[in-house]
Asker: 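Supplied in structure tokens, the structure appears directly below.
Residue numbers start from 1 in every chain, and the chains themselves are labelled A, B, ... in the order their sequence lines are given, proteins ahead of strands.
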Amino acid sequence: MTATPQRDFRLTDSTLRDGSHAVAHQFTPEQVRAVVAALDAAGVPVIEVSHGDGLGGSSFNYGFSHTDERDLLRAAAEVRRNAKLAVLLVPGIGVADDLHEVREIGVDVARIAVHCTEANISGQHIGLAKELGMEAVGFLMMAHMIEPKELLDQAKLLEDFGADCVYVVDSAGAMTIDGAKARVAALKANLRCQVGLHAHNNLSLAVANSLAAFEEGADQLDGCTTGLGAGAGNCPTEVLVAACEKSGIATGVDPFKVIDAAQEAVRPLRPLQGVIDRDGLILGYAGVYGSFLLHAQRAAERFGVPCTDILLELGRRKAVGGQEDMIIDVAVELSRRAATAQAAQA
Amino acid sequence: MKLPCAIVGSGNIGTDLLMKLQRSPVLEPVAMVGIDPQSDGLTRAAELGLVTSAAGIDWLLERAVDLGVALLFEATTARVHAAAAPRYREAGITAVDLTPAAVGPLVVPTVNLDRHLGEPNVNMITCGGQATAPIVAAVSRVLPVPYAEIVSTVASVSAGIGTRQNVDEFTRTTARALEQVGGAAKGKAICIFNPADPPILMRNTVFCALPDGYDEAAVADSIEAMVAEVSAYVPGYRLKAAPVFDTGPYATPGGPAAGRVVALLEVEGAGDWFPPYAGNLDIMTAAAVRVGEALARERIGVSA
């Protein structure tokens, strides 16, 4: 272990967790080793590895993993030297007991994710993480859906359960700069624990929102190299590091090494990552959970309905994270509606 | 002649149960006990002519013989039921357990009730289990199911603090029911709370892995027949669309599968004590009454 370099906030790279969505959960141990080794060498302090939907996410509903996430974590643990290892756990999908095993593999940080209004389902998971000696991070997903004051009430619950940090999570990439600032500021002003922002890039604001969050006092920020992640992708780690460097904000990460890591270890996995196409933009514009993207594209093809219509309908129904099954429901209904309309015309 | 029964727990579940039991042709709710003298549930039950007490299970057990109570519904918590179950048994009282304690076998009325009519204690699993295990059973009576997975989504306002403090208990118990009651080799349950306003109806999606050579029509017919059977006691239980079949292959935790069937279900409550969106609570009380009635017929030979 080397001494911790000076830094103004702590960066968590989620390429191997949020990025799992973008590769339909097909990461291999070889890919994980290459990415972790490169990020660790660049000085990234925390690296998250899990199924995109967190521990236990491998399923019909979210997609089966190519390789069991515990094996991916073992691969990561083999090659990391200084970085802390993190996992995501979504109560209702994974169970607290899943934390025992990953703790033994060497995971240091448990990030417990809930829909932004449902903080009180995470008490047992945050509690166990602390009991096992892990750092516990509370993750308030789809935080654009509620006002800063309501978000603060939920954040306080997470803090009371023992969270060391509470994240404002822009799962839909729907937050404007003002929205991100207001939410981070509300939490910073009223919590004793740390505050973070997890940004998505659907409105091309991920880096800007992250820098704005830093200005409001955010202690932790998330990125994914190349932006590899759900929907239109995340805040690109290497871009954030470069922008911070130019702004005089210390990240503790070597910009050239992380740029190389992104280009050489991650870019080949998905060469077009970072393009905000129609579906990606619609997600952010309509405030729809980013992980729905590939599932909605598949359902659009399977049932012969436009993907945009599926995404907009999911937004209207206020679907929350994890409701991938609703995509089938919506697609079936839209295709039935189209057939009825066609029959009426004939 | 009706069989006298008691309700333990004077909260919302106990109250909804009472409303359903009052319509029963074979069960007569005679007593409700709780632990809070200020409980609205006890007041309502007393107004409806039940004997009530805030002195809890002790009070009930002292008077069970006088009241003729040989059957009770437990609508408290898993911890309370686990402690009380041996005492009920000793007193010769059959318990229909609506908590996740699972002291007795997991029961779904349309699937395995016949096999457990002699049990002193039966468990109603979870709302997700009551809604989805019958569908898995419907598929597994046609062909072997290596893996079944369900997603239960309920309106946030319909999930009480007990459920919220122990979501893992819900997912684990429901997964177990997919195996033990549904007949899948391996089960997985996912649970989601949706805060949309107005509240959403309870939704359940059931995925069953299908082995090579499956017959789509036979599987779909069996699912549709099961939905009709369940809707006999939960009128708002319905398929949102015809079962969807997808061709694999899939590498499931229960082994490779050639395809899968997806059943999309919605449960609208009867609107007795709970609002109609709370189909998750309604299916629990409706199924419990169904089980209680079958036990009553078995105990006293009532034919109704």
Side-chain angles (χ1 to χ4, degrees), chain A residues 53 56-68 89-99 114-125 127-128 142 145-146 150 154 157 161 298-299 302-303 316-333 335-336, chain B residues 128 147-154 156-157 159-161 163-172 174-175 188-200 203-209 239-253 256-257 260-266:
Chain A
D53 295 90
S58 180
S59 58
F60 272 132
N61 201 34
Y62 308 119
F64 291 113
S65 299
H66 172 280
T67 302
D68 189 302
L89 188 153
V90 182
I93 299 175
V95 294
D97 283 341
D98 293 336
L99 293 175
V114 293
H115 182 71
C116 58
T117 55
E118 312 297 312
N120 64 358
I121 65 171
S122 65
Q124 64 186 149
H125 311 84
L128 182 62
M142 298 289 271
M145 288 178 86
I146 58 174
E150 298 169 73
Q154 297 289 314
L157 289 173
F161 292 144
R298 277 194 290 266
R302 163 83 169 79
F303 296 99
R316 270 192 288 272
R317 295 192 190 184
K318 299 202 159 46
V320 303
Q323 282 196 277
E324 269 75 347
D325 60 313
M326 190 110 120
I327 296 168
I328 307 174
D329 199 324
V330 165
V332 168
E333 204 174 304
S335 110
R336 201 164 43 192
Chain B
Y147 173 72
E149 174 184 315
I150 69 101
V151 185
S152 260
T153 308
V154 303
S156 293
V157 285
I161 194 68
T163 305
R164 289 170 172 278
Q165 284 170 347
N166 203 346
V167 176
D168 288 4
E169 195 166 53
F170 176 95
T171 52
R172 272 196 300 259
T174 307
K188 178 174 177 67
I190 293 166
C191 156
I192 293 166
F193 303 103
N194 181 310
D197 190 28
I200 58 155
R203 308 168 25 85
N204 298 279
T205 300
V206 183
F207 299 88
C208 289
L239 280 170
K240 287 205 71 191
V244 174
F245 289 85
D246 290 316
T247 311
Y250 297 102
T252 81
R260 71 177 189 189
V261 60
V262 189
L264 304 161
L265 298 146
E266 189 170 75

Asker: Can you tell me which portion of A:Phe303 sits under 4.5 Å from chain B's heavy atoms? Options are side chain, backbone, both or neither.
Answerer: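 Only the side chain of A:Phe303 comes within 4.5 Å of chain B.
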Asker: Any donor-acceptor pair under 3.5 Å linking the side chain of B:Glu149 with the backbone of A:Asn61?
Answerer: yes
Asker: Please give me the minimum heavy-atom distance between B:Pro195 and A:Val320, naming the atom from each residue.
Answerer: CD-CG1, 3.6 Å
Asker: Roughly how far apart are A:Arg317 CZ and B:Arg203 CZ, rounded to 0.5 Å?
Answerer: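 The CZ atom of A:Arg317 sits 7.5 Å away from the CZ atom of B:Arg203.
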Asker: Below 4.5 Å from any heavy atom of chain B, which atoms of A:Glu333 appear? Answer side chain, backbone, both or neither.
Answerer: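 The side chain, not the backbone.
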Asker: Can you say whether B:Thr252 sits under 4.5 Å from chain A via the side chain, the backbone, both, or neither, judging by heavy atoms?
Answerer: both
Asker: Atom OG of A:Ser122 and atom CD of B:Gln165: how far apart are they, to the nearest 0.5 Å?
Answerer: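 Between atom OG of A:Ser122 and atom CD of B:Gln165 there are 11.0 Å.
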Asker: Could you label the plane-to-plane angle of the B:Phe207 and A:Phe60 rings as parallel, tilted or perpendicular, counting under 30° as parallel and over 60° as perpendicular?
Answerer: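 Parallel, since the angle between the ring planes stays under 30°.
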Asker: Any chance you could lay out the side chain to side chain contact (heavy atoms under 4.5 Å, CB included) test for B:Thr153 and A:Met326, step after step, and finish with the verdict?
Answerer: CA-CA 10 Å; B:Thr153 308; A:Met326 190 110 120; over 6 Å; no
Asker: Using a 4.5 angstrom heavy-atom cutoff, name the option from B:Ile161, B:Asp246, B:Asp197 with the most pairs to chain A.
Answerer: B:Asp246
Asker: Select one option (side chain, backbone, both, neither) describing which atoms of A:Val332 are under 4.5 Å from chain B's heavy atoms.
Answerer: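 Looking at A:Val332, just its side chain touches chain B.
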Asker: Against chain B, label A:Thr117 side chain, backbone, both or neither, depending on which of its atoms sit under 4.5 Å from a heavy atom there.
Answerer: side chain
Asker: Which is it for A:Asp97 and B:Asp168 under the side chain to side chain contact (heavy atoms under 4.5 Å, CB included) test, yes or no, and what are the steps along the way?
Answerer: CA-CA 9 Å; A:Asp97 283 341; B:Asp168 288 4; 5.9 Å; no
Asker: Given that the side chain runs from C-beta out, which part of B:Ala241 has a heavy atom under 4.5 Å from chain A: side chain, backbone, both or neither?
Answerer: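 It is both, since atoms from each part get that close.
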Asker: B:Asn166, B:Val244, B:Thr163: which one forms the most heavy-atom pairs within less than 4.5 Å of chain A?
Answerer: B:Asn166
Asker: Answer with side chain, backbone, both or neither: which region of B:Ala209 has an atom nearer than 4.5 Å to a non-hydrogen atom of chain A?
Answerer: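 Both parts, heavy atoms under 4.5 Å.
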Asker: Counting only heavy atoms not in B:Lys240, do more than 12 fall under 6.0 Å of its NZ?
Answerer: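 Yes.
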Asker: Any side-chain to backbone donor/acceptor pair from A:Glu118 onto B:Ser156? Under 3.5 Å, distance only.
Answerer: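 Answer holds: no.
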Asker: Among B:Val262, B:Thr205, B:Ile190, whose side chain to side chain contact (heavy atoms under 4.5 Å, CB included) with A:Asp325 holds?
Answerer: B:Thr205
